Amino acid sequence: MAKKVIMLGNEAIARGAYEAGVKVSSAYPGTPSTEISEYLVQYKKDVYEEWAPNEKVAAEVAVGASISGVRAMACMKHVGLNVAADPLYSVSYMGVNGGLVLVVADDPGLYSSQNEQDTRMVARAAQIPVIEPSDSAEAKEFFKIAFELSEKFDRPFIFRTTTRLAHSQGLVELKERAEVPDKEYVKDIRKNVMMPGNAKLRHIEIEKRNLELAEAANTLSINTVEMNDTSIGVITSGIPYQYVKEALPNASVLKLGLVNPLPRKLIEEFASKVDTLYIVEELDPVLEEQVKSWGIQAIGKEIFTVQGEYSANMLRQAILKEELQIKKPAEAPQRPPILCPGCPHRSVYHVLKKLKLHAAGDIGCYTLGAVAPLSVVDTTMCMGSSISTLHGMEKAKGREYIKNWVAVIGDSTFLHTGVNSLMNMVYNHATGTVLILDNSTTGMTGHQDHAATGKTLQGEPTYAIDIPALCRAMGVKNVVEVNAFDLGLLEKIIKEEQEKAEVSVIITKSPCVLLDKSKKPLYIVHSDRCRKCGMCMKPGCPAMTKNEDGTIHIDDTMCTGCGLCETLCKFDAIELAKAGE
């Protein structure tokens, strides 16, 4: 009897990759996709897994593995697909040798992202087929089907998930790994070299392949029809299927596993059997626009939102017009996002605020420098954008304008796309100051290694990129390293570098406080010495609160012993009570 276990959606995808016979996986960590690669590591005897410096590289590694004849995959979040768009659009023309699947995790509701981009829209533009599961069991099985279809129709596939699927659990039946023989590599310049003459012919070929796939979709097992009460029919896919089944248990449902290309005949047949047809899909009206373009009457975004996640209650209200008596939950105290106690970024932002500097920000934990009480980060757009934004400001307004600005970027993000931006500054005679906040990890997504940490995804030691040497190699003459908690020296260095009329890089080298699992030093406050000046409170450490009399209290369950508060106190009211062990 096959073993059944409860798995997160991301864990189920990793299991599906193993069972499908995948041999190569490359990824860049990005919530909600990160855990897929972390779960894959348990199968490293059979599957090679790696962290790539960015999603473009990850996709290209997977393409290379596919060309050589093995099943390969790359994992990323939805905005990471933008970084991988260049190879994505070209490999769509090339097709595959070994099966090729890109896992892309969307984030309806913006739990951890800067936008709600719908990957299905990108896939349609790139003419890439898309498969979408609705629970953990389907995530595993559909992932295996994606490779079968990829090889059968010579198409790379996108496997779309969402935050809700990635991080919810379901029952999964474990099966054996498929022994998929490597496909022979046959040199084919017209297929694999995307110069204009070849690409024109390949475009014709992929249109043909997509039509064949669209026809086959009408009978694919992953597209299922559940005929019940025909007064209401629903076309849906992915996690919204779960909401439909809860809110409308008696409705007829066409659940699509393949959401691009769509099975037109199947949809037309289903639509003809129901009185009123609804299309339930989160985010953009991707299914709806195509179905309505075929002349099929349906109700969609007229009553449903294009924003955020759906719910069963939302569907009951929109379709059944139910006035739900929902008990208002108890109001919990608001907990705004904030840097962890002991975070080295806090001390850097404290100095920047003291100097009244603006920061062009980037994607990472340090984005939280935008919120009170630090309120230093003025812009955040995408990975690597801080450096380019600062450069654009200087070219628009001149040297004097950016004397009040710096760029801040993390070590992982710098290696992701910051390197090119810094190169551009040097090449085009910029004079700005860049702060690389090097905390020795990819902190925001859960402490993954990267090319400068000296360890691979598989836990093996490797060469660690020397970030200061890399900056110097690109022509940056002014590269300074400093401990983030040395406030006096940090302030002095920032002032000095801001005055130089050439590119400067300041690297604040202080590891993320959560990397060290040993017992931390503990600081206490002597209330009789406290002058209630509030200086120690300015950086906004969550371990510190005010007593009723205005003196300061340090929560010993939260204090990580960074010593920032002691440095700021001029009256010796804060001191080390217990050293770390």
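Keep in mind it's a predicted model, so treat the numbers as computed, not measured. Numbers here simply count residues along the sequence, with the first being 1.
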Colleague: With a 4.5 Å heavy-atom cut-off, do Asn192 and Tyr93 have their side chains touching?
Modeller: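 A side-chain contact is absent here, since even the closest heavy-atom pair is not under 4.5 Å.
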
Colleague: For Ala360 and Ser386, work out which heavy atoms get closest and say how close.
Modeller: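 Between these two residues, the closest heavy atoms are O-CB, 3.2 Å.
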
Colleague: Sort and list the pairs that fulfil salt bridge (charged side-chain N to carboxylate O under 4.0 Å, His left out) and have at least one residue in residues 250-261, not counting sequence neighbours.
Modeller: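 For residues 250-261, and leaving out neighbouring residues, the salt bridge (charged side-chain N to carboxylate O under 4.0 Å, His left out) pairs sorted by first residue read Glu138-Lys255.
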
Colleague: When you check the side-chain N and O atoms of Asn313 and Ser311, is any donor under 3.5 Å from an acceptor?
Modeller: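 Their side chains do not contain a donor-acceptor pair, so the 3.5 Å distance test is not met.
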
Colleague: Are Met73 and Leu100 side-chain neighbours, meaning at least one heavy-atom pair lies under 4.5 Å?
Modeller: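 The answer is no, as the side chains (C-beta and beyond) never meet within the 4.5 Å cut-off.
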
Colleague: More than 12 heavy atoms of other residues, nucleotides or ligands under 6.0 Å from NZ of Lys208: yes or no?
Modeller: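 No, the 6.0 Å shell around NZ holds no more than 12 heavy atoms from other groups.
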
Colleague: May I ask you to decide if Ser385's main-chain N or O and Thr389's side chain share a donor-acceptor pair within less than 3.5 Å?
Modeller: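 At least one qualifying donor-acceptor pair exists.
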
Colleague: What closest approach, in Å, do Val24 and Val22 show between heavy atoms, and which atom pair accounts for it?
Modeller: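 Shortest heavy-atom contact: O-CG1, 3.5 Å.
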
Colleague: For residues 183-190, please give each side-chain donor-acceptor pair under 3.5 Å, one per line with the distance, not counting sequence neighbours.
Modeller:
| from | atom 1 | to | atom 2 | distance (Å) |
| --- | --- | --- | --- | --- |
| Asp188 | OD1 | Arg190 | N | 3.4 |
| Asp188 | OD1 | Lys191 | N | 3.3 |

Colleague: What residues, two or more places apart in sequence or in another chain, satisfy ring-ring contact (aromatic ring centres under 6.0 Å, His included) together with Phe159?
Modeller: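 Phe159 satisfies ring-ring contact (aromatic ring centres under 6.0 Å, His included) with Phe143 once adjacent residues are dropped.
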
Colleague: Do Glu309 and Tyr111 have side-chain N/O donor and acceptor atoms under 3.5 Å apart?
Modeller: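 Their side chains do contain a donor-acceptor pair, which is all the 3.5 Å distance test asks for.
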
Colleague: According to salt bridge (charged side-chain N to carboxylate O under 4.0 Å, His left out), does anything in residues 66-80 pair up with another residue at least two apart or in another chain? List the pairs.
Modeller: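 Found Arg71-Glu151.
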
Colleague: Compute whether any side-chain donor of one residue and acceptor of the other, for Asn210 and Arg155, lie under 3.5 angstrom apart.
Modeller: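 Their side chains do contain a donor-acceptor pair, which is all the 3.5 Å distance test asks for.
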
Colleague: Apply side-chain hydrogen bond (donor to acceptor under 3.5 Å, both in side chains) to Thr236 and list each qualifying residue two or more places apart in sequence or on a separate chain.
Modeller: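 Once residues adjacent in sequence are excluded, Thr236 has no partner under the side-chain hydrogen bond (donor to acceptor under 3.5 Å, both in side chains) criterion.
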
Colleague: Would you say CE of Met194 has more than 12 non-hydrogen atoms from neighbouring residues, nucleotides or ligands within 6.0 angstrom?
Modeller: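 For Met194, atom CE is crowded (more than 12 foreign heavy atoms under 6.0 Å).
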
Colleague: I need the full list of salt bridge (charged side-chain N to carboxylate O under 4.0 Å, His left out) pairs touching residues 170-180, with sequence neighbours left out, sorted by first then second residue.
Modeller: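 Salt bridge (charged side-chain N to carboxylate O under 4.0 Å, His left out) check on residues 170-180 returns Glu141-Lys175.
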
Colleague: Can you confirm whether Ile128 sits close enough to Phe157 that some side-chain heavy atom of one is under 4.5 Å from a side-chain heavy atom of the other?
Modeller: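 No, side chains not in contact.
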
Colleague: Can you tell me if Gln448 and Glu38 form a side-chain donor-acceptor pair at under 3.5 Å?
Modeller: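 Result is yes, a qualifying pair exists.
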
Colleague: Count the heavy atoms of every other residue, nucleotide or ligand shown that sit under 6.0 Å from CD of Gln297, and state whether that count exceeds 12.
Modeller: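 No, the 6.0 Å shell around CD holds no more than 12 heavy atoms from other groups.
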
Colleague: Any chance the side chains of Asn218 and Glu269 put a donor and an acceptor closer than 3.5 Å?
Modeller: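 There is no such pair (donor and acceptor under 3.5 Å, judged by atom type) between the side chains of Asn218 and Glu269.
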
Colleague: Counting C-beta onward and ignoring hydrogens, is there a side-chain heavy-atom pair between Glu460 and Lys455 closer than 4.5 Å?
Modeller: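 Of all side-chain heavy-atom pairs linking Lys455 with Glu460, none is under 4.5 Å.
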
Colleague: Is Arg15 paired with Glu11 through a side-chain N to carboxylate O contact shorter than 4.0 Å?
Modeller: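 Salt bridge between Glu11 and Arg15, a charged N being under 4.0 Å from a carboxylate O: no.
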
Colleague: For Lys265 and Glu215, work out which heavy atoms get closest and say how close.
Modeller: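 Minimum heavy-atom separation between Lys265 and Glu215: NZ-OE2, 3.1 Å.
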
Colleague: By the salt bridge (charged side-chain N to carboxylate O under 4.0 Å, His left out) test, which pairs, at least two apart or in different chains, include something from residues 79-108?
Modeller: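 The answer is Asp106-Arg160.
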
Colleague: Do Thr442 and Ser412 meet the criterion of a side-chain donor-acceptor pair at a distance under 3.5 Å?
Modeller: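 The criterion, which ignores hydrogens and geometry beyond distance, is satisfied for Ser412 and Thr442.
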
Colleague: Using a 4.5 Å cut-off on heavy atoms from C-beta on, say whether the side chain of Glu282 contacts that of Tyr243.
Modeller: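 Tyr243 vs Glu282: side chains touch.
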
Colleague: Could I get the full list of ring-ring contact (aromatic ring centres under 6.0 Å, His included) partners for His167, not counting sequence neighbours?
Modeller: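 With sequence neighbours excluded, His167 shows a ring-ring contact (aromatic ring centres under 6.0 Å, His included) to no residue whatsoever.
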
Colleague: Can you list the residues that meet the side-chain hydrogen bond (donor to acceptor under 3.5 Å, both in side chains) rule with Glu116, with sequence neighbours excluded?
Modeller: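 In terms of side-chain hydrogen bond (donor to acceptor under 3.5 Å, both in side chains), with neighbours along the sequence ignored, Glu116 is linked to no residue.
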
Colleague: Check whether any side-chain heavy atom of Asn420 lies under 4.5 Å from a side-chain heavy atom of Met423, and answer yes or no.
Modeller: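 Side chain of Asn420 against side chain of Met423, heavy atoms only: contact under 4.5 Å found.
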
Colleague: Under 3.5 Å, is there a donor on one side chain and an acceptor on the other for Gln127 and Ser92?
Modeller: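 Absent: no donor and acceptor within the cut-off.
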
Colleague: I need the minimum non-hydrogen distance between Leu258 and Leu262, along with the two atoms involved.
Modeller: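 Looking at all heavy atoms of both residues, the closest pair is O-CD2, 4.3 Å.
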
Colleague: Could you work out, with side-chain hydrogen bond (donor to acceptor under 3.5 Å, both in side chains) as the rule, every residue matching Glu55, not counting sequence neighbours?
Modeller: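 Glu55: side-chain hydrogen bond (donor to acceptor under 3.5 Å, both in side chains) contacts with His416.
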
Colleague: Taking all heavy atoms of Asn223 and all of Gly257, pick out the closest pair and write down the distance.
Modeller: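 Closest approach of Asn223 to Gly257: OD1-N, 2.8 Å.
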
Colleague: So which heavy atom on Lys301 is nearest to which on Pro285, and how close?
Modeller: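 So the minimum-distance heavy-atom pair works out to CG-CB, 3.7 Å.
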
Colleague: Please indicate whether Lys152 has more than 12 foreign heavy atoms, meaning atoms of other residues, nucleotides or ligands, lying under 6.0 Å from its NZ.
Modeller: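 Atom NZ in Lys152 is not crowded, with 12 or fewer foreign heavy atoms closer than 6.0 Å.
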
Colleague: Looking at OG of Ser66 and NZ of Lys23, how far apart are the two atoms once the value is rounded to the nearest 0.5 Å?
Modeller: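 If I round to the nearest 0.5 Å, the distance is 13.0 Å.
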
Colleague: Any side-chain heavy-atom pair from Ile267 and Pro263 closer than 4.5 angstrom?
Modeller: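 Yes, close enough: below the 4.5 Å cut-off.
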
Colleague: Measure the shortest side-chain to side-chain distance between Cys382 and Gln114 over non-hydrogen atoms and say whether it is less than 4.5 angstrom.
Modeller: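 Yes, their side chains come closer than 4.5 Å.
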
Colleague: How about Ser237 and Glu132: does a side-chain donor come under 3.5 Å of a side-chain acceptor?
Modeller: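 Result is yes, a qualifying pair exists.
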
Colleague: Going by the ring pair (Phe, Tyr, Trp, His ring centres under 6.0 Å) test, which pairs reach into residues 257-288, not counting sequence neighbours?
Modeller: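 Sorted result for residues 257-288: empty, none.
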
Colleague: Taking atom CG of Leu201 as the centre, does the number of heavy atoms from other residues, nucleotides or ligands within less than 6.0 Å exceed 12?
Modeller: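 Atom CG in Leu201 is packed in, count exceeds 12.
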
Colleague: Using the ring pair (Phe, Tyr, Trp, His ring centres under 6.0 Å) rule, collect all pairs that involve residues 35-68, keeping only residues at least two apart or in two chains.
Modeller: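 Listed once each, the pairs are Tyr18-Tyr43.
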
